[in-house]
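So you know, we letter chains A, B, ... as the sequences are listed, proteins then strands, and number each from 1. Every heavy atom of this structure was used, including side-chain atoms; hydrogens, water molecules and symmetry mates were not. All of these numbers come straight from a predicted model, not from anything done at the bench.
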Amino acid sequence: MQDRLLRTFLLPKVNRAYLLRLLALVVGSVILFSQVLLPLRIQGHSMEPTYRDGTWNFCWRGRYLFHDPKPGDVVVIRFAGTRVNLLKRIVALSGETVAFQKGVLLVNGRAVNEPYLQDPLPWNLAPRTVEPGKVYVVGDNRRVPMEVHQFGQVNMQRIVGGLLW
Amino acid sequence: MNSKKLILVGIVAVILIILGFTLWPGDKRAIRKQVARMEELASKAPDEKAIDSLFRARNMAKLFHDPCTLEIEYADFVGEYSRKNIQDRIVLARNSFSQVKVSTHDLDISLLGNKQASLLCTLRITGKGAGSQVGDVQELEANLKKMDGDWLFTKLAMVEVLER
């Protein structure tokens, strides 16, 4: 019985039902991996050590369907489309004030504990308030000079979703 | 005609329609070709000779209208520039890399009528600068105008996605 099931699974009879199942699988996979779970290959070092260069992940687009992103979340940010994205961590929400003092992140004047950092450089950034409808994002890799690291406030509409793991 | 033949005819018709839409020569296709040419000319192989570099910069500058409006704030490149000026800047920018690959993604073209078009895309630059790896991603917004059969860039602007 088990042998027959295994043989049917591995060597199916190509008939109309099989072709319909195959078509449903292909269409389902295309929809799933183009609209719901976007495969991502991480290129670059801006989120190290949390996410390493060359690793794979998925962007889960349903992450913020029922709640807004919060500080500490790692989000996927789109450009003109979703083929090339940025991966950053939210550090402040709209209305909050962000600053860096000798490498320490200050939100509303209070130091934020960031256990994911490794040997951050002493970044200094004057306080600025996040505009309405935007969040402030920074990468986890602060071992690079501030000038070469892409960070700042971004429109919430550019957030595609969160990472699956 | 039985159902099998009908399905086959249907599939062939769909394939032909898709091929027709993608391969039919049109303005959008011509603009895509211009963008592909810009990618190719902007990229630089590690063994590129100085004369090739000048040749590529000159050909790349020909893709721009004379003058062309540029808004690339992070490179302090804002205003109206002549084709010659753009060519000089291209030479300088390419010289700062020992090798570079320029690619565009998610290209969205809108034809505005009166031989004008606008495009939005993601621009990705990867390569080697002064000994170190360089990688940058920007959103690019451009306007083009059809002149003597060629689509030329009349405006090029980098959209600021992250504002410090």
Next item on the list: Please assess B:K84 against B:D88 for the test salt bridge (charged side-chain N to carboxylate O under 4.0 Å, His left out), listing each intermediate value before the final yes or no.
Entry: CA-CA 6 Å; B:K84 176 76 179 74; B:D88 295 344; 2.8 Å; yes

For this session: Verify side chain to side chain contact (heavy atoms under 4.5 Å, CB included) between B:L152 and B:K145, making sure each step is shown before the conclusion.
Result: CA-CA 5 Å; B:L152 302 178; B:K145 194 170 185 181; 5.8 Å; no

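Within residues 47-83 of chain A, the residues having any heavy atom closer than 4.5 Å to a heavy atom of chain B are A:I77, A:R78, A:F79, A:A80, A:G81, A:T82, A:R83, listed by residue number. Residues of residues 140-160 of chain A having a heavy atom under 4.5 Å from any heavy atom of chain B, listed by number: A:M146, A:E147, A:H149, A:Q150, A:F151, A:G152, A:Q153, A:V154, A:R158.
Look at A:D3 and A:R7 and you find no salt bridge, because none of the NZ, NE, NH1 or NH2 atoms lies under 4.0 Å from a carboxylate O. Salt bridge B:R94/B:E48: present, at least one basic N to carboxylate O contact under 4.0 Å.
Both the backbone and the side chain of B:Q138 come within contact range of chain A, judged by heavy atoms closer than 4.5 Å. Only the side chain of B:R124 comes within contact range of chain A, with heavy atoms under 4.5 Å apart. Heavy-atom distances place no part of B:V134 under 4.5 Å from chain A, backbone and side chain included.
Each of A:L86, A:V84, A:V137 has some count of heavy-atom pairs under 4.5 Å with chain B, and the biggest count is that of A:V84. Each of B:T126, B:L107, B:V137 has some count of heavy-atom pairs under 4.5 Å with chain A, and the biggest count is that of B:V137. For chain A, the option among B:E163, B:R164, B:E141, B:H105 with the highest count of heavy-atom pairs below 4.5 Å is B:R164.
Nearest approach of A:L87 to A:S46, heavy atoms of both residues: O-OG, 3.9 Å. Closest non-hydrogen pair, A:L38 versus A:Q35, comes out as CD2-N, 4.0 Å. Nearest approach of B:D27 to B:L111, heavy atoms of both residues: CB-CD2, 3.8 Å. Nearest heavy-atom pair, B:A61 versus B:Q87, reported as atom, atom and distance to 0.1 Å: CB-CB, 3.7 Å.
B:K115 places none of its side-chain heavy atoms less than 4.5 Å from the side chain of B:M147. The side-chain heavy atoms of A:H45 and B:Q133, taken from C-beta on, include no pair separated by under 4.5 Å.
Residue A:L37 is grouped with residue A:W165 when hydrophobic side chains (ILVMFWY) are merged at heavy-atom distances under 4.5 angstrom, including chains of intermediate members.
When each of B:D108, B:L144, B:L156, B:N143 is paired with B:L119, the side chain to side chain contact (heavy atoms under 4.5 Å, CB included) condition holds for B:L144 and for no other.
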